[in-house]
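Here is how names work: the chains are called A, B, and so on, in the same order as the sequence lines, proteins then strands, and each is numbered from 1.
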2 protein chains.
Amino acid sequence: MSTGTTQHTYTIKEASALTGLPASTLRYYESIGVIAPIPRGASSKHRMYDEDDLDQLLWIACLAATGMAVSDMRKYVANGQRGPSAASEQIELLTVQQQRLAIEAEQVALRQRYVRIKLDFWHATEAGDTERAELLSGEARVLADELKQIKK
Amino acid sequence: MSTGTTQHTYTIKEASALTGLPASTLRYYESIGVIAPIPRGASSKHRMYDEDDLDQLLWIACLAATGMAVSDMRKYVANGQRGPSAASEQIELLTVQQQRLAIEAEQVALRQRYVRIKLDFWHATEAGDTERAELLSGEARVLADELKQIKK
DNA sequence: GCTTTGACTTCAAGTACTTGAAGTTCCTAC
DNA sequence: GTAGGAACTTCAAGTACTTGAAGTCAAAGC
């Protein structure tokens, strides 16, 4: 991205929300040298991320999502790599990430349904409605299969 | 479930394939008491899983997928053994999971929007539409600001 | 029966974070 | 401008697995 003249900065929490990497992970990656030290506020110790940092973090998040070991990420970044520079490469990277997020959203929705059913099951059990409880435990099984399928 | 007369047994590798939990994780869960010790072969130390074990593991895999802590899984499984009397405790554990998943869904949605903006930016850049690209480069900051507003 | 190959075993150490404590710093509100 | 709370900081310890080493067991081929 890098307009160079960007004056916008982001807190660690914002960087976390946009990239999907927990704040604790951002600090961790910095501490072990996966990313360069982030500049701090004028009179504080608080990290201030700019657009370029966010771009790099999004790239790192993609690498992490593919299961790359941190030692390998470190090597990549140490070799001066800050992510793809060409538009076409960025588009390719981000398109894959978009697909990953779509799958993740689907998975979360499915897990929500699973927990919902289990909750209903225990509510029915609590109320002594054995018939409904049995029906629900069957549904949970079907869903468990679905959950397993998507994972692959 | 559980005819009681089941003859068929499974190796740890088969159990792993069927439940989606790595063999190392199956041993780990057993070692820390998330699941009861699995019976071993007549003249060996090899674990032999039966259908009931697989049912339990499948459903533990679902709990793990929702991000439940192993200490809570242990409680949950122990409660399950206790039957209907544990209903209120199970409901409590699952309600926490439900809330966690609702937050996660929101977070994924935000990240999807962020990636969408980045993708649009690069498409505009590739097409030489500098005006649109510049407009979009400010959008990320708007998204981060929105994050703060939502909380209040 | 014997041997080899490969899957299994335990246990210790490693990995990638995550959480908690204790102490700053920023922001909002009076 | 100052009081209070939320958000940040570091650092140490904890968590949830995973991997590797060294040894045991089982099915297949000779």
Output a table of nitrogen or oxygen pairs between the protein and nucleotides 26-28 of chain D separated by less than 3.5 Å.
none

With a non-hydrogen cut-off below 4.0 angstrom, is Ser71(A) in contact with a base, only sugar-phosphate, or nothing?
-> nothing
For Ala69(A), answer base if it contacts any base atom (sugar-phosphate contacts may also be present), sugar-phosphate if it contacts only those atoms, and nothing otherwise; contact means non-hydrogen atoms under 4.0 Å.
-> sugar-phosphate
Got a donor-acceptor contact below 3.5 angstrom from the Thr95(B) side chain to the Ile91(B) backbone?
-> yes
Listing time: all N or O pairs from protein to nucleotides 17-19 of chain D that are below 3.5 Å?
unit_1, atom_1, unit_2, atom_2, d
dC17(D), OP2, Tyr29(B), OH, 2.9
dT18(D), OP2, Ser24(B), OG, 3.1
dT18(D), OP2, Thr25(B), OG1, 2.6

List in chain and number order the residues that pass side chain to side chain donor-acceptor pair (under 3.5 Å) with [X], two or more places apart in sequence or in another chain; answer none if no residue qualifies.
X         : value
Tyr49(B)  : none
Arg141(B) : Glu14(A), Asp145(B)
Tyr76(B)  : Trp122(A)
Gln99(B)  : none

With a cut-off of 3.5 Å and sequence neighbours excluded, list every side-chain donor-acceptor pair involving residues 60-68 of chain A.
unit_1, atom_1, unit_2, atom_2, d
Thr66(A), OG1, Leu63(A), O, 2.6

Listed partners of [X] passing salt bridge (charged side-chain N to carboxylate O under 4.0 Å, His left out), at least two apart:
X         : value
Arg82(B)  : Glu89(B)
Arg100(A) : none
Lys13(B)  : none

Could I get the full list of side chain to side chain contact (heavy atoms under 4.5 Å, CB included) partners for Arg132(B), not counting sequence neighbours?
-> Asp120(B), Ala124(B), Asp129(B), Leu136(B)
Within the structure, does a side-chain N or O atom of Arg47(A) lie under 4.0 Å from either OP1 or OP2 of dT10(D)?
-> yes
Axis-to-axis angle across the helix from dG1(C)-dC30(D) to dC30(C)-dG1(D), five pairs each end, nearest 10 degrees, ~ 30°
